[in-house]
Protein chains: 2
Amino acid sequence: MTKSSAGGTAATTASPAVRSGRGGRPRASSRRTLEDAAGELFLEQGYARTTIDQIAQRAGVGRNTFFNYFATKSDLLWLDVDDTLRALPEVLATVPAGLAPSAALREALLGLAVRHPHRGIPLALSQREAIGAEAEFRASGLERFLGVAAELGTFLAARSGRAPGDPLVRAASSAAVAALVSGAADWALTGVERGALADAVRDAVDPVCRGYALALDAAPAATR
Amino acid sequence: MTKSSAGGTAATTASPAVRSGRGGRPRASSRRTLEDAAGELFLEQGYARTTIDQIAQRAGVGRNTFFNYFATKSDLLWLDVDDTLRALPEVLATVPAGLAPSAALREALLGLAVRHPHRGIPLALSQREAIGAEAEFRASGLERFLGVAAELGTFLAARSGRAPGDPLVRAASSAAVAALVSGAADWALTGVERGALADAVRDAVDPVCRGYALALDAAPAATR
DNA sequence: CGAGTTTCGGTACTCAGTCCATAATGAGTC
DNA sequence: GACTCATTATGGACTGAGTACCGAAACTCG
């Protein structure tokens, strides 16, 4: 209630990606500048030893301007990922209607993976020795994880004709997202020779979808 | 690196549950007192509006003493859960050796569920309207989640004759733990008429184990 | 040129978590 | 009992993230 997670989606970014209403003072170049400054500083000093003041200062803006663009310091660790996650509703909408629930689930996750840019690997992972932000990275990750799982849950409920709160639906979406994340992390940690993200995700997610297919694709028990 | 997660296990509590070495000043009643004080205050004012100073003050101890028992304010939200998670290594050790990897995974998770006290439901869930700490609860949850997943991963690797970092193993343990958590959360949110935790967990976890059984129980590919 | 709207920047504040130095309280030893 | 050692309790001071508030820029629209 206090800080982020206002929207409900995974993305925590303070300001919308696109220019908001018309009129008003135009944004300076700030956002990109801040990202770059932060990246440099993280590499130089590590995440923990870098303060928001320093980032703002190097970017040549005031401290408050930082919070105008990012709700949290840890948002900087999820730059490209948040972009992809923001696209989830769009991805869900394009999943063909005829599919069985478990297949639709699979399709949705793969759609997300396909959309993600091949170079979009969080700094915290690609440079993790230098940055040393594993702990923060993890802690800030769950919010995103749960956001996706929840969104996927309502999608899955609709596709399977079940109630949104159905335990089976929730378990399936949680497990599937966990597999997705695990696969994506493995992919990100592989060197340059890594293949397509979608392949890694498929390997990780497929078993989950198969596992839940039996229960999920059957008609829901009328009551309960 | 900065704060918690030193041990590697899920439990973040600063001080060991049992009295450490012999000698030294005896602990005051503090720990339990702190827990109670925190519980009261959370119910009265909510989590966010309760400061550590207030908790310590009501418990009649100094502020630093609080950090002697808990590494983090959010640790207070996980009291009974952390106890159960701490028992994971023990649970893993008692999983029969003959089982197939996927069955062993199932057994381990159920063992954890069986061990958990029936009343041990985090305040943040049972009183969630009054406490309003969902966000904090979530954020502090991932650390525990990942701790269990990692521990389970090495267990699973050993049982299946695979490398500890094997993507399949990691995906399986992540997905299984996610299902476990999902099931446990549903169980916790059910009213008094809830049955055994183990039943809820079984329903959630079974499909995952079945899904990975095919790949996991087969002999690992020699190379790679 | 206003009027409205948005961003920018500074000051001041709260509070979690850390560090350090110092007492208090016991056990074990001689 | 006196002394040492280990452990816990406590107080003071500090860092840094996140919030709130206010006034000043900068731009659009009428």
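Proteins come first, then strands; the chains are lettered A, B, ... in the order of their sequence lines, and each starts at number 1. Side-chain atoms are counted along with the backbone in the values below, which use heavy atoms only and exclude waters and symmetry mates.
Among the heavy atoms of the strands, none lies under 4.0 Å from B:S74.
Spacing between atom CG of A:L77 and atom P of D:dA17 amounts to 12 Å, rounded to whole angstrom units. Separating the CZ atom of A:F67 from the P atom of D:dC21 is a distance of 16 Å, rounded to the nearest angstrom. Regarding B:Q54, its CD atom lies at a distance of 8 Å from the P atom of C:dC15, rounded to whole Å. Rounding to whole angstrom units, CD of residue A:E136 and C1' of C:dG17 are separated by 12 Å. One atom, CD of A:Q57, and another, C1' of C:dG10, lie 14 Å apart when rounded to the nearest Å. Rounded to whole angstrom, the span from the NZ atom of A:K73 across to the C1' atom of C:dA16 amounts to 14 Å. What separates CG of B:D53 from C1' of C:dG17 is a distance of 12 Å, to the nearest Å. In this structure, CZ of B:R31 is placed 15 Å from C1' of D:dT8, rounded to the nearest angstrom.
Under the side chain to side chain contact (heavy atoms under 4.5 Å, CB included) criterion, B:R202 pairs with B:R106, B:L110, B:D199, B:D206, sequence neighbours left out. A search for side-chain hydrogen bond (donor to acceptor under 3.5 Å, both in side chains) contacts involving A:Q54 returns nothing, not counting sequence neighbours. Remark: A:L146 pairs with A:L142, B:R138 by the side chain to side chain contact (heavy atoms under 4.5 Å, CB included) rule, at least two apart or across chains. By the side chain to side chain contact (heavy atoms under 4.5 Å, CB included) test, B:A184 pairs with B:L197, sequence neighbours left out. Partners of B:T50 according to the side-chain hydrogen bond (donor to acceptor under 3.5 Å, both in side chains) rule, which considers only residues two or more places apart in sequence or in another chain, are B:Q45. By the side chain to side chain contact (heavy atoms under 4.5 Å, CB included) test, A:A185 pairs with no residue at all, sequence neighbours left out.
Within the structure, ring pair (Phe, Tyr, Trp, His ring centres under 6.0 Å) pairs that include any residue of residues 164-186 of chain B do not occur (at least two apart or interchain).
Note that the two end axes of the helix from C:dC1-D:dG30 to C:dC30-D:dG1 enclose an angle of 10°, each drawn from 5 base pairs, rounded to 10 degrees.
Under the 30°/60° scheme for interplanar angles, the aromatic rings of A:W78 and A:F137 are found to lie parallel.
The backbone N or O of A:T190 sits less than 3.5 Å from a side-chain atom of A:R194, completing a donor-acceptor pair.
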For nucleotides 9-13 of chain D, which of its nitrogen or oxygen atoms have a protein nitrogen or oxygen under 3.5 Å away, and what is each distance?
unit_1, atom_1, unit_2, atom_2, d
D:dA9, OP1, B:A28, N, 3.1
D:dA9, OP1, B:S30, OG, 3.4
D:dA9, OP1, B:Y69, OH, 2.9
D:dA9, OP2, B:Y69, OH, 3.3
D:dA9, O4', B:R25, NH1, 3.1
D:dT10, OP2, B:G62, N, 3.2
D:dT10, OP2, B:T65, OG1, 2.9
D:dG11, N7, B:N64, ND2, 2.5
D:dG11, O6, B:N64, ND2, 2.4
D:dG12, O6, B:N64, ND2, 2.9

